[in-house]
Amino acid sequence: MSNGDTVLKPKTVTKPKLERPRLYKVILVNDDYTPRDFVVLVLKAIFRMPETTSYRVMMTAHKMGTSVVVVCARDIAETKAKEATELAKDAGFPLLFQAEPEE
């Protein structure tokens, strides 16, 4: 080492383990005032669901009280829930969509 040789130490590179982002579900809450046809229209317009799927989601909420519409990333879920609720509000209906974390 006295002759000018350089000793190189290997660097240890640690890759941080990235976790998948937590998913959120958009929930349709049933009410007694909003017409079924309007709920199907909102599901088709905001969530891009086909007619049959929209009807099935609406009927599940009608019978069970709530229904999961979609599961996606947090920002998308919150945006879709807000858009759908505001569309109903603008039409004068109390229809409610909520975004909450998936277990």
Check: For Ser54 and Val40, which heavy atoms make the closest approach, and how far apart are they?
Finding: CB-CG1, 3.8 Å
Next item on the list: Evaluate the side-chain contact (heavy atoms from CB on, under 4.5 Å) criterion for residues Ile27 and Val69: first the C-alpha distance (whole Å), next the side-chain angles of each, then the deciding distance (0.1 Å), finally the verdict.
Entry: CA-CA 6 Å; Ile27 298 176; Val69 179; over 6 Å; no
Next item on the list: Look at the side-chain heavy atoms of Ile, Leu, Val, Met, Phe, Trp and Tyr, link any pair under 4.5 Å apart, and say whether Val68 and Leu23 land in one connected group.
Entry: yes
Next item on the list: Supply the atom-to-atom distance Lys63 NZ to Asn30 CG, rounded to the nearest 0.5 angstrom.
Entry: 12.0 Å
Next item on the list: Take Lys25 and Val70, measure what side-chain contact (heavy atoms from CB on, under 4.5 Å) needs, and give me the verdict at the end.
Entry: CA-CA 6 Å; Lys25 53 189 173 187; Val70 68; over 6 Å; no
Item checked: Distance (rounded to the nearest 0.5 Å) between Leu28 CG and Leu95 CG -> 5.5 Å
Margin query: Return the CE to OG1 distance between Met49 and Thr52, rounded to the nearest 0.5 Å.
Written below: 10.0 Å
Notebook entry, point to check: Could you give the distance from CG (Leu87) to CG (Leu41), rounded to the nearest 0.5 Å?
Noted result: 7.0 Å
Notebook entry, point to check: How long is the span from the OG1 atom in Thr66 to the CZ atom in Phe97, to the nearest 0.5 Å?
Noted result: 12.0 Å
Checklist line | Smallest separation among heavy atoms of Val42 and Ala84, with atom names | finding: CG1-CB, 3.8 Å
Next item on the list: First locate atom CG of Leu43, then atom OG1 of Thr53, and finally report the distance between them rounded to the nearest 0.5 Å.
Entry: 9.5 Å
Check: For residues 77-93, which residue pairs qualify under side-chain hydrogen bond (donor to acceptor under 3.5 Å, both in side chains), counting only residues two or more places apart or in two chains?
Finding: Arg74-Glu78
Item checked: Listed once per pair and sorted, the ring pair (Phe, Tyr, Trp, His ring centres under 6.0 Å) pairs that draw on residues 52-82, sequence neighbours left out -> none
Check: When you check the gap from the basic side-chain N to the acidic O, do Glu103 and Arg22 get nearer than 4.0 Å?
Finding: no
Margin query: Determine whether the aromatic ring centres of residues Phe38 and Phe93 are separated by less than 6.0 angstrom.
Written below: yes
Item checked: Contacts of Ala77 that satisfy side chain to side chain contact (heavy atoms under 4.5 Å, CB included) - sequence neighbours left out -> Tyr24, Val26, Cys72, Ala99
Checklist line | Test: Lys44 and Glu51 ion pair at under 4.0 Å | finding: yes
